[in-house]
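To start, the structure itself, in structure tokens.
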Amino acid sequence: MRIVVIGAGGIGGWLGARLAAAGEDVGFLVHGATLEALRAGGLTLLGPDGETVARAERPLASDDASSLLDALGGHPDAVLVTTKVDAIADLGPALRTLTGPETTVISTQNGVDAPHLLADVVGAEHVVPGVARVYAQAVERGTIALRSGLESLQVGESDGSRSPRVDRLVAALRVAGLRSSTPDSILAELWRKAAFVVPQGGLGAAVDAPISELRTTYRDAYRAMIQEIVDVAAAQGHALAAPGEAPYADQVLAFADEQPADATTSMQRDIAAGLPSELDAQVGAVRRAGDDAGAPTPVHDVVAGVLGPREAAARG
Ligand SMILES: NC(=O)C1=CN([C@@H]2O[C@H](COP(=O)(O)OP(=O)(O)OC[C@H]3O[C@@H](n4cnc5c(N)ncnc54)[C@H](OP(=O)(O)O)[C@@H]3O)[C@@H](O)[C@H]2O)C=CC1
Ligand SMILES: CC(C)(CO)C(=O)C(=O)O
């Protein structure tokens with residue numbers, strides 16, 4: 001497949017390195033220092049023990065979408081959008097250049113907003129939501145480290161239908177060594193991921209604590225925040241627990257109980273470092289969806305209130 005990966009941080013570097021190593025025709029739309037780093041030193045993906053698991057010596061990379069089309073010989077089959085949610089606002093012209101009649105644009109972001117934002121730019125018919133489960137971190141530009149063996153990208157049509165384009169993507173991701181599948185509802189899956197990552201990152205940032213403290217000292221507030229997401233998702237028509245399963249908030253807590261004690265999320269680490277974060281794309285998106293659906297989100301409201309001034313300061 002011809003694939004353009006937008007961004008080469010944790011997610012983009014991971015996906016691009018894996019797909020290129022599997023023989024796919026991959027080009028990176030990157031900018032500034034990341035472009036320079038890929039040109040100078042290539043792209044390296046490190047495994048959890050620091051070993052190189054994939055390496056692209058001379059990856060095709062450009063900050064110009066038209067040049068990538070020329071180099072790839074036409075529109076890509078797939079565009080993997082791997083920037084933070086905020087960056088999507090600036091990607092309009094590049095996304096429109098890259099998206100041909102048969103191009104699929106895949107979101108990989110946390111939160112529930114990215115597919116809608118991409119649909120506004122390229123049209124909903126081109127967008128396939130993805131849900132990434134991986135711990136991938138850019139340790140320096142051009143070098144991505146996996147922090148665990150979990151490498152999963154689920155993709156699916158927003159309306160739940162089966163499609164050849166999604167089947168091709170799943171097949172390519174599997175050949176690249178990832179766990180990939182199409183859930184019954186990719187939108188419910190986005191909410192399931194949000195139910196794990198948003199409370200961990202939002203509450204964790206507000207009380208400045210890793211998961212070990214959330215699941216003990218702050219367990220009631222942590223559970224309440226997870227439950228708010230379950231309720232908002234239900235109000236939007238997405239049941240997160242299958243019939244007969246334990247309540248979904250309990251499933252998330254059970255999963256949280258198994259995580260390494262010092263686990264934090266990328267949003268939480270950005271907030272702790274005083275950087276602009278996905279606070280609005282994660283916590284804010286849940287609050288907006290709750291407002292739309294008439295489902296209250298009081299713990300999210302408190303977390304947003306506590307972290308809002310820090311976010312504003314980080315954004316200058
Ligand atoms: N990291 C993880 O393990 C996981 C992350 N996610 C989600 O995936 C998304 C991406 O996260 P992550 O990979 O960690 O973020 P990173 O910050 O590591 O990577 C984002 C990349 O986007 C690039 N970028 C930003 N704007 C542009 C632009 N206009 N053109 C080209 N490239 C651009 C950045 O480049 P530069 O630095 O040069 O500006 C950077 O390389 C987030 O929504 C996150 O919540 C989901 C699951 C797991
Ligand atoms: C917690 C984690 C790594 C789970 O995939 C994540 O999504 C994030 O840090 O943003």
Side-chain angles (χ1 to χ4, degrees), residues 4-17 27-38 43 45 48 61-65 68 79-95 97-98 106-115 117-118 121 129-154 178-179 189-190 192-202 204-205 210-211 214 252 255-256 259-260 262-273 275-283 285:
V4 169
V5 180
I6 305 185
I11 297 295
W14 160 58
L15 289 172
F28 292 89
L29 184 74
V30 286
H31 60 185
T34 303
L35 175 59
E36 284 171 24
L38 291 192
L43 175 64
L45 181 67
S62 176
D63 57 5
D64 178 55
L68 277 182
V79 176
L80 289 159
V81 184
T82 75
T83 64
K84 299 265 173 71
V85 174
D86 274 7
I88 293 174
D90 293 329
L91 289 171
L95 278 165
T97 299
L98 291 170
I106 300 112
S107 62
T108 59
Q109 287 75 15
N110 279 323
V112 292
D113 273 355
L117 296 172
L118 292 173
V121 178
V131 175
R133 288 190 172 88
V134 63
Y135 289 78
Q137 200 176 351
V139 287
E140 58 181 307
R141 293 179 196 280
T143 304
I144 311 304
L146 296 172
R147 302 297 186 196
S148 83
L150 176 64
E151 296 182 60
S152 160
L153 182 66
Q154 289 170 290
L178 274 68
R179 210 186 282 178
E189 204 55 34
L190 269 179
R192 289 190 188 98
K193 175 78 194 283
F196 174 62
V197 81
V198 176
Q200 184 192 351
I211 205 164
L214 300 182
V252 176
F255 183 69
Q259 299 308 303
D262 61 351
T264 55
T265 77
S266 50
M267 178 184 84
Q268 181 178 1
R269 291 191 294 277
D270 283 343
I271 293 171
L275 298 171
S277 79
E278 290 188 312
L279 182 66
D280 182 67
Q282 295 194 24
V283 176

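Worth knowing before you read on, the calculation uses all heavy atoms, side chains too, and leaves out hydrogens, waters and symmetry mates. As the structure lists them, so they are numbered: ligands from 1, and atoms in each ligand from 1.
- Set against the non-hydrogen atoms of G7, the atoms of ligand 1 under 4.0 Å away are 22 (O), 23 (C), 32 (N).
- With ligand atoms numbered from 1 in the order given, ligand 1 contributes 10 (C), 20 (C) to contacts under 4.0 Å with heavy atoms of T82.
- Here the heavy atom of the protein found nearest to atom 8 (O) of ligand 1 is I11 CG1, 3.4 Å.
- Between A136 and ligand 1, an N or O atom pair is found at a separation short of 3.5 Å.
- Between A132 and ligand 1 there is a heavy-atom distance shorter than 4.0 Å.
- For ligand 2, the atoms sitting less than 4.0 Å from at least one non-hydrogen atom of N110 are 6 (C), 7 (O), 8 (C), 10 (O), numbered in the order shown with element in parentheses.
- Ranking protein heavy atoms by distance to atom 48 (C) of ligand 1, first place goes to V134 O, 3.4 Å.
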Could you check L146 against E151 for side chain to side chain contact (heavy atoms under 4.5 Å, CB included), going step by step and ending with a plain yes or no?
CA-CA 9 Å; L146 296 172; E151 296 182 60; 3.6 Å; yes
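- At least one donor-acceptor pair under 3.5 Å links the side chain of Q109 to the backbone N or O of T83.
- Here OG of S266 is found 6.5 Å from CD of Q282. Values are rounded to the nearest 0.5 Å.
- Minimum interatomic distance between F28 and G16 (heavy atoms only, all atoms of both residues): CZ-CA, 3.6 Å.
- The ligand atoms of ligand 2 that sit less than 4.0 angstrom from a heavy atom of S266 are 8 (C), 9 (O), 10 (O).
- Note that CG of L91 is 11.0 Å distant from OG1 of T97, once rounded to the nearest 0.5 Å.
- Listed by number with element, the atoms of ligand 2 under 4.0 angstrom from any heavy atom of T265 are 9 (O).
- Residue A87 places no N or O, backbone or side chain, under 3.5 Å from any N or O of ligand 1.
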Show your reasoning for whether side chain to side chain contact (heavy atoms under 4.5 Å, CB included) applies to W14 and T82.
CA-CA 10 Å; W14 160 58; T82 75; over 6 Å; no
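- Of all heavy-atom pairs spanning I144 and G9, the tightest one is CD1-O, 3.2 Å.
- Closest to atom 18 (O) of ligand 1, if we only count protein heavy atoms, is G10 N, 3.0 Å.
- Set against the non-hydrogen atoms of Y135, the atoms of ligand 1 under 4.0 Å away are 3 (O).
- In terms of polar-atom proximity, defined here as any N/O pair under 3.5 Å, I6 makes no such contact with ligand 1.
- For ligand 1, the polar-atom distance check against G9 finds a nitrogen or oxygen pair separated by under 3.5 Å.
- Considering only heavy atoms from C-beta on, F196 comes within 4.5 Å of Q259 through its side chain.
- Closest of all the heavy-atom pairs between P199 and L214 is O-CD1, 4.4 Å.
- Checked by distance only, ligand 2 and V134 come closer than 3.5 Å through their nitrogen or oxygen atoms.
- Counting the atoms of ligand 1 from 1 in the order shown, those under 4.0 Å from a heavy atom of A8 are 41 (O).
- G142 approaches L38 most closely through the heavy-atom pair CA-CD2, 4.0 Å.
- Taking atom 25 (C) of ligand 1 as the reference point, the nearest protein heavy-atom neighbour is T83 CG2, 3.8 Å.
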Go through it in stages, so that I can follow the logic: the residues are V30 and V5, the test is side chain to side chain contact (heavy atoms under 4.5 Å, CB included), and I'd like the CA-CA distance, side-chain angles, deciding distance and then a yes or no.
CA-CA 8 Å; V30 286; V5 180; over 6 Å; no
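- Close approach of ligand 2 to Y135 (heavy-atom distance below 4.0 Å) involves ligand atoms 1 (C), 3 (C).
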Apply side chain to side chain contact (heavy atoms under 4.5 Å, CB included) to residues R192 and V131 and explain how you reach the verdict.
CA-CA 9 Å; R192 289 190 188 98; V131 175; over 6 Å; no
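- In terms of N/O distances under 3.5 Å, ligand 1 is not approached by K193.
- Although no hydrogens or angles enter the test, the distance criterion places no donor-acceptor pair under 3.5 Å between the side chain of S62 and the main chain of L29.
- When all heavy atoms are compared, the tightest approach of A8 to T34 is CB-CG2, 4.0 Å.
- Remark: T264 OG1 to I271 CD1 distance equals 11.0 Å, nearest 0.5 Å.
- Of all protein heavy atoms, the one lying nearest to atom 35 (O) of ligand 1 is H31 NE2, 3.6 Å.
- Residue K193 has at least one N or O atom closer than 3.5 Å to an N or O atom of ligand 2.
- With a 4.0 Å cut-off on non-hydrogen atoms, L91 touches ligand 1 through its side chain and not its backbone.
- Atom numbering of ligand 1 starts at 1 in the shown order; those under 4.0 Å from a heavy atom of N110 are 6 (N), 7 (C), 43 (O), 44 (C), 45 (O), 46 (C), 47 (C).
- Around atom 31 (C) of ligand 1, the closest heavy atom drawn from L29, L146, L35 belongs to L29.
- Within ligand 1, the atoms closer than 4.0 Å to a non-hydrogen atom of K84 are 11 (O), 15 (O), 17 (O), numbered from 1 in the order shown.
- Here the shortest heavy-atom distance to atom 38 (O) of ligand 1, taken over L15, T34, I88, T265, belongs to T34.
- Under 4.0 Å from ligand 1, the heavy atoms of V30 that appear belong solely to its backbone.
- Ligand 1 has at least one atom lying under 4.0 Å from a heavy atom of R141.
- Considering only heavy atoms from C-beta on, D86 stays 4.5 Å or farther from D280 through its side chain.
- When the heavy-atom distances from atom 44 (C) of ligand 1 to Q109, E278, R133 are ranked, the shortest goes to E278.
- V81 places none of its side-chain heavy atoms less than 4.5 Å from the side chain of T108.
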